[in-house]
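What follows is a short report on a single structure.
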Amino acid sequence: MIETINKRIDLFISSIDGISKDSVQIILNKFSTSISEDLDKGHLTTNVCMIAASVLKLNPKELAKELKDNLDDLDIFKDVQIAGPGFVNITLHKKEFVSVLNKIIKENKSFGESNIGAGRKVQIEFVSANPTGPLHVGHGRGAAYGDAIGRILKATGSFVEKEYYINDAGRQIDILTASVILRVIQNKINNFFPQKAYKGDYIDSIGREFISKNKIEYGDIDFIDKDLSSDPEEEMDQIILKLKELDESIWSSVKTFSLNSIIESIKNDLEDFNVYFDNWFYESSLGDLKNESSEISKSITKLTKEGKTYKKDGAIWLDTESAGDDKHRVLVREDGRATYFASDVAYHKNKIDRGYDDLINVWGADHHGYIKRIEASIDAIGSKKEKLIVKLVQFANLFKNGKSVKMSTRSGEFFTLRELLEDIGSDAARFYYLSKQADQHLDFDLDLAKSDSKENIFYYIQYAHARIFSLEQKYKEMYPKLDTNIEAIEKDLYKKCDSLIHEISKYPHIINKSARTLQPHIIIFYLRDLSQLLHSYYNDNHVLSESKENMQSIILCLSALRQVISNGLGILGISPMQKM
RNA sequence: GCGCCUGUAGCUCAGCUGGAUAGAGCAACUGCCUUCUAAGCAGUGGGUCAGGAGUUCGAAUCUCUUCAGGCGCGCCA
């Protein structure tokens with residue numbers, strides 16, 4: 001219907017006396033015809049006259065009058081009104097207005113899906129937490145967000161691949177390995193344990209699990225805690241070196257075991273959080289510089305051949321400043337080892353070679369300073385930095401019993417995602433993570449998420465769904481044949497559902513907007529408004545004592561509403577409740 | 001110092017490609033359970049949209065600036 005109107009508006013604008021082609025284009029690009037906020041503004045509304053007026057320096061109300069006359073001729077609308085500064089509000093014939101209900105019955109679970117992203121191949125990389133410990137509640141937000149936009153983009157026609165990048169190649173994996181070994185042999189070296197080693201309980205469990213199947217037996221190990229630097233970071237590096245030299249094979253089997261164990265537990269946590277990845281990309285698969293045919297070597301060679309790199313102070317640099325970074329960045333260190341940045345350049349080259357149209361990276365907000373250099377590297381390898389869309393996710397502040405829960409990975413005291421899931425469940429957790437724009441600070445109140453009050457929007461929406469579900473069951477008992485039909489509403493005999501139908505009809509637009517802006521939270525706010533209307537309706541109208549004809553229409557309408565809530569929650573990875 | 005994010009009702013937040021009286025929940029105060037789930041509904045009060053300037057017919061929304069808060073600025077990962 002909106003398209004019909006827009007075609008008409010298109011003709012109308014083009015036919016304005018003396019209008020230039022450019023002006024027509026500007027106006028047509030800027031105006032919008034949408035479903036009205038409320039029914040007192042008609043079913044549909046367009047701002048085209050105000051847009052046109054500002055471009056053409058005309059009076060918006062005069063223009064609106066002309067458009068109204070023009071649309072009145074059509075006779076496909078019940079009413080056309082001019083309102084406010086120049087809005088044109090359109091009221092549809094009842095049959096047209098109500099047709100969305102039939103559409104929902106027909107499309108069911110897929111109502112709200114579209115093809116606005118058709119033909120686009122999108123990759124979303126998210127979570128990508130270092131495999132050195134369990135996921136904590138900070139990672140949870142990125143997980144919920146990345147997964148939700150994946151579902152939303154898929155529902156709007158894009159081809160989506162979700163990927164987790166595993167940093168399994170850096171120093172932190174050495175620290176992890178050393179930490180596990182030291183825990184096991186701690187009692188033989190005077191209970192020595194370095195300050196910079198990982199201290200969480202999971203280190204002990206990995207160690208115990210390892211020695212239950214393998215052995216860690218060394219010869220003389222007295223020297224391990226001797227002659228160490230007083231600098232904690234240097235001390236850690238010295239210990240890593242000693243352990244590696246002591247027994248290469250123990251080192252590498254503990255390393256593999258620890259890594260696998262942690263990755264496995266991360267996968268489990270994510271699955272229980274209803275987050276699934278299509279690919280798990282290992283940083284180590286990019287190879288290293290010693291191997292000339294590794295991806296990391298090839299990407300640096302390519303940049304060098306094309307004159308994008310230069311040597312200075314013994315290191316190889318990339319000019320990232322020209323792309324807006326505040327300084328140049330090192331790819332290969334003085335000692336010949338690649339930097340983390342070099343891996344990332346190779347990784348992004350790999351992604352681009354895989355042929356995606358859009359690369360969405362979901363990063364913690366603390367990485368924002370990293371965006372420019374990655375963009376610069378994408379340009380440097382001959383692609384376009386516009387392909388990269390970085391979505392920053394701000395920290396979530398967790399509150400329990402009114403107090404902020406502090407997190408610190410090093411000390412091993414942090415609120416894990418696992419604990420959160422056990423506390424409030426996956427659905428409520430996802431819901432609250434997604435309830436605010438990702439790039440803004442989130443105060444996550446655990447007590448609220450479990451509370452029974454209206455303040456708990458999660459239950460408020462679920463309650464609306466459950467109420468309708470229960471009504472449907474009762475209606476089935478009364479009329480086992482379940483003959484719903486739309487007649488009473490179509491014939492305008494029962495008007496009380498109109499505001500519900502109007503709100504329901506906005507759903508597909510909400511999904512599209514959410515996909516365009518990559519903002520899942522607008523779905524949540526929409527569902528809250530929709531639930532509010534339902535609760536209000538429910539209180540004012542006793543459905544099951546209506547006439548049969550009305551009841552048939554009402555149940556049809558409420559079922560449609562329930563379907564929309566179900567679809568809306570579903571697209572966020574949340575299951576609707578049938579009972580509460 | 002530079003960069004990014006934020007500042008809207010007492011609290012937690014929507015609204016931001018400029019548009020119709022600035023919204024919601026909580027908290028405060030009033031009402032509504034012999035009827036389909038009261039985890040609900042209806043109502044009242046509460047705002048210099050951080051301050052200032054500018055652009056515009058029109059600014060919470062765009063620009064500049066000041067103030068306040070958060071985060072980031074390694075040949076770490």
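Each chain gets a letter, A, B and so on, in the order its sequence line appears, and its residues count up from 1.
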Taking every non-hydrogen atom, the tightest pair across His368(A) and Leu392(A): CB-CD1, 3.4 Å

field: Lys/Arg cation over aromatic Phe341(A): Arg329(A), 6.0 Å, 45° cone
entry: no

- prompt: C49(B): syn or anti, with syn meaning chi within 90° of zero?
  reply: anti

- request: Sticking with atom C1', work out how far A50(B) lies from A9(B), rounded to a whole angstrom.
  value: 14 Å

Output one line per pair: protein atom, nucleotide atom from nucleotides 69-74 of chain B, and distance, for all N/O pairs under 3.5 Å.
unit_1	atom_1	unit_2	atom_2	d
G70(B)	O2'	His441(A)	NE2	3.4
G74(B)	OP2	Lys327(A)	NZ	3.2

Upstream residue (5' side of RNA chain B) when Lys474(A) and Asp40(A) are each assigned their closest nucleotide: Asp40(A)

message: Strictly below 4.0 Å, N to O, side chains only: are Lys65(A) and Glu62(A) in salt-bridge contact?
response: no

query: Taking for each residue the nucleotide of RNA chain B with the nearest heavy atom, is it Arg467(A) or Ala169(A) whose nucleotide lies nearer the 5' end?
result: Arg467(A)

field: Distance, C1' atom - from U55(B) to A14(B), rounded to whole angstrom
entry: 27 Å

message: What's the separation between atom CD1 in Ile203(A) and atom CD1 in Ile262(A), rounded to the nearest 0.5 Å?
response: 5.5 Å

query: Once you round it to whole Å, what is the distance between C1' of C36(B) and CE of Met478(A)?
result: 9 Å

statement: Sorted by number, residues from residues 510-530 of chain A placing a heavy atom under 4.0 Å from RNA chain B are His521(A), Phe525(A), Arg528(A)

query: Less than 5.5 Å between centroids and less than 30° between ring planes, does Tyr538(A) satisfy that with G40(B)?
result: no

query: Can Arg333(A) and Asp335(A) be counted as an ion pair, charged N to O under 4.0 angstrom?
result: no

Ring center gap for Tyr433(A) and Phe444(A) short of 6.0 angstrom: yes

N/O donor-acceptor pair, side chain Asn89(A) with base A20(B), under 3.5 angstrom: yes

message: Rounding to an integer number of angstrom, what distance separates U17(B) and C11(B) when you compare their C1' atoms?
response: 32 Å

